[in-house]
Amino acid sequence: MATPVALLSESVLGWSIFTIVLLVIVAFCWVYIRKYQSRQESEVISTITAICALAIALITSALLPVDIFLVSFMKYPNGTYKEWAASNETRQQIEDTVLYGYYTLYSIILFCVFLWIPFVYFYYEEKDEDNSNKCLQVKNALKYTIGFVIVCSVLLLIGTFVPLESPPNQNSTQWEKVQYLFEELGSSHGLAALSFSISSLTLIGMLAVITYTAYGMSVLPLNLIKGTRSILYERLENTEDMEEVEHQIDKLKAKCADGRPLSMRDRRNLQDLEAKLQVLHRRGRHLEIAERTCCNKVGSALRPMKILLGVFFILVALLFFITLFISNLDKALHSAGISTGFIIFGTKLTNPLNELLLALQPVFPLDYVLITIITMYFVFTSMAGIRNMGIWFFWIRLYKIRPQRTRPQALLFLCMILLLIVLHTSYMIYSLAPQYVMYGSQKYLLQTQLPTADPSQVNHSTAITKICDADAPEDQCTVTRSYLFLHKFWFFSTIYYFGNWAFLVVFLIGLVVSCCKGKKSVIEGEVDADDSDVSDDEYVH
């Protein structure tokens with residue numbers, strides 16, 4: 001009777017923590033999206049879509065510690081299975097519960113990326129000013145969305161019908177080979193198809209992590225440490241610039257005081273100066289509002305706290321950099337090679353973050369809290385990178401991300417990028433702590449022969465407790481379901497490995513650039529030349 005009770009208590013504990021984190025994630029996503037969405041162009045459907053998409057991504061990451069907790073608590077510290085986990089059927093049942101959770105969440109992610117978000121995005125892109133023809137708007141949105149559905153279908157088909165192993169009989173007929181494919185599909189329960197699609201999205205997320213997160217990890221802490229420029233100095237500088245521009249405008253207008261027309265070059269210069277003067281006037285209004293707000297006074301009072309927080313963030317960033325470098329170096333020196341996705345048979349170099357997680361894992365939920373903090377750290381640094389850089393398509397900037405002034409389409413793009421980034425954080429965490437993500441704190445018993453002085457005597461064996469790694473017997477160590485999803489295809493793991501090196505390089509470049517840049521303006525990003533006066537209305541009021 002104790003075995004079912006123990007099984008129930010362990011499972012309830014893990015899933016209870018997961019439920020609490022789920023509620024916190026939903027609340028965070030609501031506050032996060034509401035902070036950045038435009039007041040004038042706020043749309044209910046786009047807001048709900050953005051909140052749900054971001055929440056699904058974060059919930060998927062929150063499932064990783066539960067996965068690790070369940071496989072770790074099946075065993076005692078001495079390497080033997082607990083009574084309630086002694087049966088292989090019981091272990092399989094628990095693993096299937098987590099597997100179905102991943103199935104559900106990853107399927108929802110595919111639905112969001114390839115259907116829901118594209119449809120809502122194109123629905124508002126096709127929106128007219130009078131908003132009269134709703135049917136045409138829906139029709140055009142569906143027309144563009146079909147392309148995303150086709151891409152999703154192709155990825156699922158590739159993952160389904162490309163076997164990881166060749167048929168056992170190479171001389172089999174074509175029909176036998178096709179039959180083998182369907183048998184493989186049935187035996188894997190669609191894992192390969194879903195894993196291939198998610199790995200493809202994770203590959204795109206890797207590019208977003210290299211672009212935005214690597215830069216955000218350097219720019220966020222340094223901005224906190226350096227602070228902002230003085231408002232009084234900025235207002236004085238803005239006033240001097242306005243006087244200078246007005247003087248140049250008066251000089252150009254003086255040329256046509258006698259009725260002579262201005263040359264083409266002078267007319268172009270006059271238009272540029274008038275546009276610049278308009279921006280300076282808007283900048284002056286924003287500086288005046290910022291000087292009167294309480295946020296500026298509170299920010300000045302919290303300046304020491306911001307410096308400490310910035311120092312903490314830069315230390316965390318350096319810890320991630322060192323850990324990721326050691327992990328990649330370990331794979332380069334001791335892995336099975338590029339054809340296996342750089343799988344490593346036991347860590348040879350000491351990994352500080354991996355050791356910390358292994359030490360915290362038995363005291364649940366300390367490791368859960370740490371993983372959640374790491375995930376949220378990636379989200380915040382990614383958001384810092386996106387906000388500083390904007391959303392770009394190659395050399396074209398599509399949207400700017402600004403508090404209370406972000407368009408619905410930009411919010412959808414933002415959540416799509418963050419969704420892909422959070423997907424890749426699962427592999428990033430694996431790179432930072434491979435032992436923890438694969439097996440948790442599991443150990444197994446290895447039988448070894450004791451040497452004897454007399455060869456005629458029977459050798460005695462003893463059991464040595466070892467930490468689970470890739471050399472461990474399959475029936476002694478249980479691999480997490482997350483690892484199976486992310487590493488089923490070796491070529492994706494190979495690409496992720498080289499992506500980690502690119503991430504380290506971009507982080508160093510971003511760190512140098514952030515150090516060389518001066519203090520940012522107190523109204524950074526609020527006033528740009530391509531904004532209109534109408535865009536100030538929501539800010540002023």
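The aromatic rings of F196 and F491 stand perpendicular to each other, their planes meeting at an angle above 60°, with 30° marking the opposite boundary. Under the 30°/60° scheme for interplanar angles, the aromatic rings of H424 and Y496 are found to stand perpendicular.
Using a 4.5 Å heavy-atom cutoff, the side chains of F320 and L432 are in contact. Between N351 and P434 there is a side-chain heavy-atom pair separated by less than 4.5 Å. The shortest distance between side-chain heavy atoms of Y106 and L110 does not fall below 4.5 Å. Taking the side chain as every heavy atom from C-beta outward, V149 and S153 approach each other to under 4.5 Å. Between D67 and Y102, the closest side-chain pair of non-hydrogen atoms falls below 4.5 Å. Annotation: side chain of N500 is in contact with side chain of M428 (closest heavy-atom distance under 4.5 Å). Within the 4.5 Å cutoff, the side chain of W30 has no heavy atoms near those of the V26 side chain. Using a 4.5 Å heavy-atom cutoff, the side chains of L411 and L414 are in contact.
The structure places CE of M242 at 12.0 Å from CZ of R283, a figure rounded to the nearest 0.5 Å. In this structure, CZ on F119 lies 5.0 Å from CG on L142, to the nearest 0.5 angstrom. To the nearest 0.5 Å, the span separating CG on N223 from NZ on K306 amounts to 10.5 Å. Between atom CD1 of residue I249 and atom CD of residue E244 there is a gap of 10.5 Å, rounded to the nearest 0.5 Å. Annotation: the span from L201 atom CG to C152 atom SG amounts to 8.0 Å, rounded to 0.5 Å. Separation of atoms CG (L357) and CD1 (I374) is listed at 5.5 Å; rounding is to 0.5 Å.
N238 places a side-chain N or O within 3.5 Å of a backbone atom of L280 that can act as its donor or acceptor partner. A donor-acceptor pair under 3.5 Å is absent between the side-chain atoms of S199 and the main chain of F492, judged by distance alone. Looking at K517, its side chain never comes within 3.5 Å of a backbone N or O of V219 through a donor-acceptor pair. Listed for the Y123 side chain is no donor-acceptor partner under 3.5 Å among the backbone atoms of N140. A distance-only check finds no donor-acceptor pair linking the side chain of Y497 to the backbone of S431 [under 3.5 Å]. Counting only distance, with no hydrogens or angles, the side chain of N388 and the backbone of A384 share a donor-acceptor pair below 3.5 Å.
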Which is it for Q278 and E274 under the side-chain hydrogen bond (donor to acceptor under 3.5 Å, both in side chains) test, yes or no, and what are the steps along the way?
CA-CA 6 Å; Q278 187 178 17; E274 289 176 344; over 6 Å; no
Go through L222 and L511 one step at a time and tell me if the side chain to side chain contact (heavy atoms under 4.5 Å, CB included) criterion holds.
CA-CA 9 Å; L222 290 179; L511 189 63; 4.0 Å; yes
For the pair I338 and F498, evaluate side chain to side chain contact (heavy atoms under 4.5 Å, CB included) and give the outcome as yes or no after the intermediate values.
CA-CA 10 Å; I338 189 172; F498 289 109; 4.1 Å; yes
Does T213 form a side-chain hydrogen bond (donor to acceptor under 3.5 Å, both in side chains) with S382? I'd like the steps, not just the answer.
CA-CA 4 Å; T213 310; S382 301; 2.6 Å; yes
Side chain to side chain contact (heavy atoms under 4.5 Å, CB included) between F312 and L224, worked out:
CA-CA 10 Å; F312 171 74; L224 288 172; over 6 Å; no
Any chance you could lay out the side chain to side chain contact (heavy atoms under 4.5 Å, CB included) test for T47 and I33, step after step, and finish with the verdict?
CA-CA 7 Å; T47 302; I33 297 301; 4.3 Å; yes
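Taking each heavy atom of I314 and P221 in turn, the nearest pair found is N-CB, 3.6 Å. When all heavy atoms of Y427 and S493 are compared, the closest pair comes out as OH-O, 3.6 Å. Residues Y377 and A317 come closest through the heavy atom pair OH-CB, 3.4 Å. The two atoms that bring Y215 and G385 nearest to each other are CD2-CA, 4.2 Å, heavy atoms only. Across every non-hydrogen atom of I391 and A410, the tightest pair is CD1-O, 3.8 Å. Pairing each heavy atom of V437 with each of Y430, the nearest pair is CG2-CA, 3.6 Å.
For F28, the ring pair (Phe, Tyr, Trp, His ring centres under 6.0 Å) criterion is met by Y32, F380, not counting sequence neighbours.
No more than 12 heavy atoms of other residues, nucleotides or ligands shown are found within 6.0 angstrom of NZ on K276.
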